[in-house]
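Contents: one structure, followed by commentary.
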Amino acid sequence: MTVRERWWAAIACAGLAVALAGTCGLLTRHGTSGLRPAPAAQVAAFPAPTGPIVAAAPTARPAAIAAPAALTIPELGVSTRLITLGLTAQGTVQVPPTTSVAGWYTRSPRPGAVGPAIILGHIDSDHGPGVFFRLAGLRSGDPIYIRRSDGSTVEFEVTAVQSYLKARFPTEAVYGPTPDAELRLITCGGAFDAATSHYLSNIVVYATEVS
Amino acid sequence: MKHLRNIGRVALLLVAAVLLLATPAVSAAAASGGAASGGAASGGAAAGAGTAGAGTAWVRLAHLSPNTPAVDVYLYSYGNPDARMVLHHVGYGDVSPYLAVAGGDYSVAMRGAGASPTSPPVLSASLKVAAGSAYTALAVGPRAGLRIRVFRDDLSTPSGRALVRVVQASMKHPQVTVSWGGKVIASRLSFASVTSYQAVSPGAESVTATAGAGDAKSAVTLTAGSIHTLVVLDGAKGLEIDNLEDAAGSSQLPAGGVQTGFGGTAPHGPGSPLPWLEVIAGGLALAVGGGLGLRRGGRRRARSRHAPSSRP
């Protein structure tokens, strides 16, 4: 084998190596990860909270309802503590600083008080699922539990799951007054706009207190 | 020489293998993109029908006739005779919680407490219930002139304000003036009348009900975004004020939706497969180029080896 031939062979082998590496890259990035993992696994075995469930008595509500501390959604295998959220300078609700925890908007009613309590969580981070990843999979009748700082628990039942374009978000319907104790769980959904790095829609779960 | 040809064969096999691997990868990428966007579209369609809490309405019933004994209050749905509700032994001053009902036509009937559900009602009224709205049906007036009045309750407040209205249910004091803090919200309101809602600045103030003979005072907190009804009643010792919270929302209405995702699980997440395809194509071009060079070199050597012997 001449020196020149060795060079040609080396070039051919290098080319093959590059092509193989490219194929591996393509397979790992596009072969499976483009698909969302199917909602399954830990969901079924998730236990419901065992704390006392406080029935609503709108005419004789306790003077002070404690602040919410934790959220459990058995159907989704979600169990998270709740942080507090205020407003941004733009007037929108602050979002939790991490994607693994949900938060309660402190200027909304406390869960169990008259009106819609607002709770936000991320659908995902830039590399994986967030606490509300499967929120859109909830169905009417699914239970949601809020544990409050005094140890009491209040149960809600999903009444509707809606998807709204953020450009046409029904502010009044989501945050506005209701005559009963309700809950809203909000996250992102719909198409992802890579240009702005934001999803174009919000998923809103509507729930009412089970009395 | 032999091992050179073998290198060429191995190179060809590898090229074929790379092509075989790359083809399903590309089609898988295309399929996954399609499947994911299809899933998003169907999710949107499933969630898109109707508005929130589809079809729910609320009805609340109150007994505000001072000299009428306790009653059983029935709520019948015209469309669905089985869907009836009954509140037993409702006495003067009692207000039920809001009952969640489907939109439609209803009738309210009152019978003496404990009377047979099939006996003719003392009083009845029909009401049209629109989905998404809340209603209060009041039994008002003296026993002799008892009637049912139905009000549609507001479910939104002006930004940063609270709404309040007054129901005058004191028969001992035919006219009552009610103020919240320094603001008069009902002036000389007569028995069995109801004011419309009015917007007030939120805060904690004392509510005063003033009639000729007696006053009543009550501390009431109205938060922004909340809607209240103040009921003036005849108590054992003069006037009483009952503060009903009709509805409540966020004290500061946020502006629109929220940015609660970074796209790490978005259907298009991995981006375009083009760069990877370019890398594969470049690698293949190099491999083919190298292979060709190798073959050319091999031929030239073969020619130079055979040429002298072929000469005569």
Side-chain angles (χ1 to χ4, degrees), chain A residues 4-5 8-9 11-12 14-16 18-20 22-23 25-27 29-31 33-36 58-59 91-93 95 107-109 114-115 120 122-129 136 159-163 166 169 171-173 175-180 186-188 192 197-199 202 206, chain B residues 4 7 11 14 18 21-22 25 28-29 32-33 35-36 40 43-44 47-48 52-54 58 95 97-98 134 155-156 225 227 245-266 268 270 273 276 279-280 282-284 286-287 289-291 293-294 297:
Chain A
R4 186 181 283 195
E5 277 169 2
W8 284 123
I11 288 172
L16 281 174
V18 168
L20 267 174
T23 306
L26 187 63
L27 278 173
R29 296 291 291 171
H30 290 270
S33 70
L35 286 170
R36 284 160 185 251
T59 44
T92 60
V93 184
V95 298
R107 292 183 212 188
S108 70
V114 169
L120 264 60
H122 288 279
I123 184 172
D124 59 16
S125 64
D126 55 5
H127 59 274
T159 56
V161 181
Q162 302 285 340
S163 175
K166 288 176 185 173
F169 190 86
T171 299
E172 186 70 37
Y175 307 121
T178 63
D180 52 358
I186 308 175
T187 191
C188 278
F192 186 76
S197 292
H198 290 309
Y199 284 92
N202 276 132
Y206 293 79
Chain B
L4 259 184
I7 287 179
L14 280 172
V18 164
L21 278 171
S32 75
W58 297 271
V95 182
Y98 278 106
L155 286 180
S156 72
I227 301 166
E245 189 176 31
D246 299 351
S250 289
S251 61
Q252 191 164 354
L253 223 55
V258 290
Q259 308 294 11
T260 41
F262 293 92
T265 64
H268 78 100
W276 293 110
V279 167
I280 294 168
L284 287 177
L286 267 179
L294 210 55

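A, B, ... follow the sequence lines: proteins, then strands. Residue 1 opens every chain. When reading the values below, keep in mind they use all heavy atoms of this one structure, side chains included, and skip hydrogens, waters and symmetry mates.
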Would you be so kind as to tabulate the donor-acceptor pairs closer than 3.5 Å made by side chains of residues 246-253 of chain B, with sequence neighbours excluded?
residue, atom, partner, partner atom, Å
B:Asp246, OD1, B:Arg60, NH1, 3.1
B:Asp246, OD1, B:Arg60, NH2, 3.1
B:Asp246, OD1, B:Thr229, OG1, 3.1
B:Asp246, OD2, B:Tyr197, OH, 2.6
B:Asp246, OD2, B:Thr229, OG1, 2.5
B:Ser251, OG, A:Arg107, O, 3.4
B:Gln252, OE1, A:Arg107, NH1, 2.1

Heavy-atom contact with chain B under 4.5 Å, split by part of A:Asn202: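 For A:Asn202, the contact with chain B is made by the side chain alone.
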
Proximal component of A:Val95, with respect to chain B [non-hydrogen, under 4.5 Å]: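 Side chain only.
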
B:Ile227 versus chain A, the contacting section by heavy-atom distance below 4.5 Å: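 For B:Ile227, the side chain is the part near chain A, not the backbone.
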
Pairs of heavy atoms under 4.5 Å with chain B: top-ranked of A:Ser108, A:Ser125, A:Pro109: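 Heavy-atom pair counts peak at A:Ser125.
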
Residue, of A:Ser197, A:Gly128, A:Ala136, that accumulates the most heavy atom pairs under 4.5 Å with chain B: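 Heavy-atom pair counts peak at A:Gly128.
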
Check: [Y] main-chain N/O paired with [X] side-chain donor or acceptor under 3.5 Å:
X	Y	answer
A:Thr187	A:Ile123	yes
A:Thr159	A:Tyr206	yes
A:Asp124	B:Phe262	yes

Ring geometry between A:Tyr175 and A:Phe169 (parallel below 30°, tilted from 30 to 60°, perpendicular above 60°):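 A:Phe169 vs A:Tyr175 ring planes: tilted.
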
